[in-house]
Undergrad: 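Take a look at this one; I'll ask things after.
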Amino acid sequence: MRLSTATVSLSGDLVGKMHACARAGFDGIELFEPDLVVAPESPEEIRALADRLGLRLELYQPLRDIEGVPPAVFDDNLRRAAAKFTLMRRLGIDTVLLCSNVATAVDPGAMPGQLRTLARLGADHGVRIAYEALAWGRYVDDYRQAWRLVQEVDEPSLGLCLDSFHILSRGHDPAAIGDIPGEKIFFVQLADAPVLSLDVLSWSRHHRLFPGEGGFDLPGFLAHVLRAGYTGPLSLEVFNDVFRQTDPGRTAAHALRSLIDLLETAGASARPPAPAPGAFTFAEIRARTPETVEPLLAHLGFHYRGAHRSRPARLWTSGSARVVVNEAPSPRPHLAALGFDLTDAPAALARARTLHIPSDFRRVHEGEDALHAVTAPDGTQIFLCPVSTVPPWIAEFDHGAPRPESSAVTAIDHVNLVQPWEDIAEATLFHRSLLGLEVDGSAQVAGPSGLISSQVMTDPEHRVRLVLNVAPAAARPGALAQHVAFRTDDVVAVAERLRAHGVEALPVPGNYYEDLAARFALDPARLDRFRALGLMYDRDGQGEFIHFYTATVGSVFFEVLQRIGGYDGYGAANAPVRLAAQSREARRG
Ligand SMILES: O=C(O)c1ccc(O)c(O)c1
Ligand SMILES: [Mg+2]
């Protein structure tokens, strides 16, 4: 199918948007009228550019507030429409989108006749009219009403535009789409959106997302469209405040990836199987000064396993938790890479390829494990590792250092990545489409520099958990740190070990423990222990959670946690305490 996007989905000027769409690989675009009106290029120049870029100008949009009006108003509307039809001919566009009247309609009884007159005028100009029921239309706000009108008018030049947002935001059942003859569906627009309780107009104009990034069932919607026999373009129409101000080249690539993923999810194009992540293989920290990170790992009970034979990297392990410390010319120590154990790593690589996610270049020496990696939107490298109890690459580090018998830290429980505010939708799509991780809850956490929205992405068995935290726009770059959370069966022992090495956990204020005592009837001796070691606590119907944080080194820190019983959360209630403490520590320098 032809893949398209509305120019309103991107930032910049029209020529820049067209270049971005062509470069990303779109087949065509919907030309959003305001983009043309403000452009210095003539319609002929836009047409010539589209030709040169191999982009089809699929649709001109929108024509508004035409039907259901008093006769004198309608005469003027026809004049307006005729001017646009003439313009469309100059642009070489044969389909126009007509929004259902939201403002000037007073007489629904006049609609069929006026739509028929408009359709005939369109036919005289070689223009097809795609009638779209806006969710806030005055009389027509449901695609089924629009379809009844189109049937009643019964003109070859009048058909429907179906926009997933207007249908799904109102909770209208899309099933009846399947019964509309495909050739009467002139255009299909796709947009997802987060589930919000907001008036539908504001929701539509500011919060739309690309398919797969919100709460709507786009694959289900598309299935009905395909069942109808529609063969026209699939076009993204995403009004979103963030994408209106971010790099159009990057947004266009992100947008196309969402369409490819949607087609694959809906079964409309072939897709390699899900790679099914089962664990974090490793986390890699890059630091110019490894000596700032490594003692902390040692104090947490990690074992040094050796230096890599060809890279300036050193391996530390504890249980199944592996941390690679890479001496790289990075100004601040940071979490640079994550490995995922995948039951089908080649499938993940094939999936990356179909999603236009390039594989990173890595120099591999003779005899070394050639792992493939891709780069996530936030810059974190994601290694696609074939699952194995002892990955072959471990031997590249191991110089016979004694294998530890037991370790307090048993595994990487989760990894928390700070996302630039403009990247979260792209990151959600990336981790879902490539690794099959799904959003599993989100929360707003109050920090000193603003609210942080925090979103968990995990596999169905919750073996791999990524927490994506969106940095407030006001936060200084690097003010928020990433972290690796290690799981243990005895968090008190790990905290005591750290203390025995003269290292303090992140300080937790006394007020926190008073509040904890008020919230939970905790044994006073246990509470004292928590207070003495800087441990934080949470509990729900399933079990308990005890954890602490280390100091931040560069832009990375560690958490050590113990899950007791079936507790499956992350101690979200404690996050504001951590953020406030980290902010105090950062100020202290
Ligand atoms: O919000 C609007 O006005 C508007 C315009 C054109 C569309 O296709 C649409 O879905 C909404
Ligand atoms: Mg629309």
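Remember, it's 1-based here, ligands and their atoms both numbered in the order they're listed.
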Undergrad: Starting from atom 4 (C) of ligand 1, what is the nearest protein heavy atom, named by residue and atom, and what distance separates them?
TA: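 For atom 4 (C) of ligand 1, the nearest protein heavy atom is Phe239 CZ, 3.8 Å.
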Undergrad: Taking 4.0 angstrom as the limit and counting only heavy atoms of Gln189, give me the atoms of ligand 1 inside it, by number and element.
TA: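 Close to Gln189: 8 (O).
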Undergrad: Is there a heavy atom in Glu30 that sits closer than 4.0 Å to ligand 1?
TA: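 Per 4.0 Å heavy-atom rule, Glu30 does not contact ligand 1.
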Undergrad: Of all the atoms in ligand 1, which lie at a distance below 4.0 Å from a heavy atom belonging to Glu132?
TA: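 Close to Glu132: 6 (C), 7 (C), 8 (O), 9 (C), 10 (O).
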Undergrad: Side chain, backbone, both or neither: which applies to Glu33 and ligand 1 if a contact is any heavy-atom pair less than 4.0 Å apart?
TA: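 Near ligand 1, Glu33 shows nothing, with every heavy atom at 4.0 Å or more.
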Undergrad: Of the listed options (Arg64, Gln61, Glu237, Arg205), which comes nearest to atom 8 (O) of ligand 1 when hydrogens are ignored and any heavy atom counts?
TA: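 Residue with the shortest heavy-atom distance to the ligand atom: Glu237.
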Undergrad: Hey, does Ser204 sit under 4.0 Å from ligand 1 if you only count heavy atoms?
TA: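 No, that is not the case, since the closest heavy atom of the residue is not under 4.0 Å from the ligand.
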Undergrad: Closest non-hydrogen protein atom to atom 5 (C) of ligand 1, residue and atom name please, with distance?
TA: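 Going by distance alone, atom 5 (C) of ligand 1 is nearest to Cys99 SG, 3.7 Å.
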Undergrad: Between ligand 1 and Trp136, can you find any atom pair, the residue atom being a heavy atom, that is separated by under 4.0 Å?
TA: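 Yes.
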Undergrad: Record the part of Leu201 in heavy-atom contact with ligand 1 below 4.0 Å; permitted values are side chain, backbone, both and neither.
TA: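 None of Leu201 does.
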Undergrad: At the Mg ion (ligand 2), what is the angle formed between atom OE1 of Glu237 and atom OE1 of Gln189, rounded to the nearest 10°?
TA: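 About 90° at the Mg ion (ligand 2).
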Undergrad: Output the list of atoms in ligand 1 that are nearer than 4.0 Å to some heavy atom of His166, sorted by atom number.
TA: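 Those atoms are 9 (C), 10 (O), 11 (C).
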Undergrad: Decide whether Glu426 and Gln419 meet the rule of one side-chain donor and one side-chain acceptor closer than 3.5 Å.
TA: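 Distance-only check fails for Glu426 and Gln419.
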Undergrad: Checking side-chain polar atoms at under 3.5 Å, does Glu30 have a donor or acceptor matched by the opposite partner on Gln189?
TA: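 Yes, side-chain donor-acceptor contact under 3.5 Å.
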Undergrad: Is there a side-chain contact between Arg271 and Leu263 (heavy atoms, below 4.5 Å)?
TA: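 Heavy-atom side-chain distance check fails, nothing below 4.5 Å.
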Undergrad: One residue to check: Cys161. Relative to ligand 1, which of side chain, backbone, both or neither has a non-hydrogen atom less than 4.0 Å away?
TA: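 None of Cys161 does.
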Undergrad: Between His462 (side chain only) and Thr458 (backbone N and O only), is there a donor and an acceptor less than 3.5 Å apart?
TA: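 No, the answer is negative, given that no donor and acceptor are paired below the 3.5 Å cut-off.
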Undergrad: So Phe165 and Phe216, would you call those rings parallel, tilted or perpendicular, with 30° and 60° as cut-offs?
TA: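 Taking Phe216 first and then Phe165, their aromatic rings sit tilted (interplane angle of 30° to 60°).
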Undergrad: Between His166 and His172, is the ring centre distance below 6.0 Å?
TA: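 No: the rings miss the under 6.0 Å criterion.
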Undergrad: Decide whether Asp199 and Ser202 meet the rule of one side-chain donor and one side-chain acceptor closer than 3.5 Å.
TA: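 Indeed, the side chains of Asp199 and Ser202 share at least one donor-acceptor pair under 3.5 Å.
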Undergrad: Using the rule given for side chain to side chain contact (heavy atoms under 4.5 Å, CB included), can you reason through Leu256 versus Phe210, listing the C-alpha separation, both sets of side-chain angles and the distance that settles it, and then say yes or no?
TA: CA-CA 9 Å; Leu256 187 73; Phe210 293 112; over 6 Å; no
Undergrad: Taking the Mg ion (ligand 2) as the vertex, how big is the angle to OD2 in Asp163 and OE2 in Glu132, rounded to 10°?
TA: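 So the angle at the metal works out to 90°.
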Undergrad: Please check if any side-chain donor atom of Gln455 sits under 3.5 Å from a side-chain acceptor atom of Thr428, or the reverse.
TA: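 A donor-acceptor contact under 3.5 Å links the two side chains.
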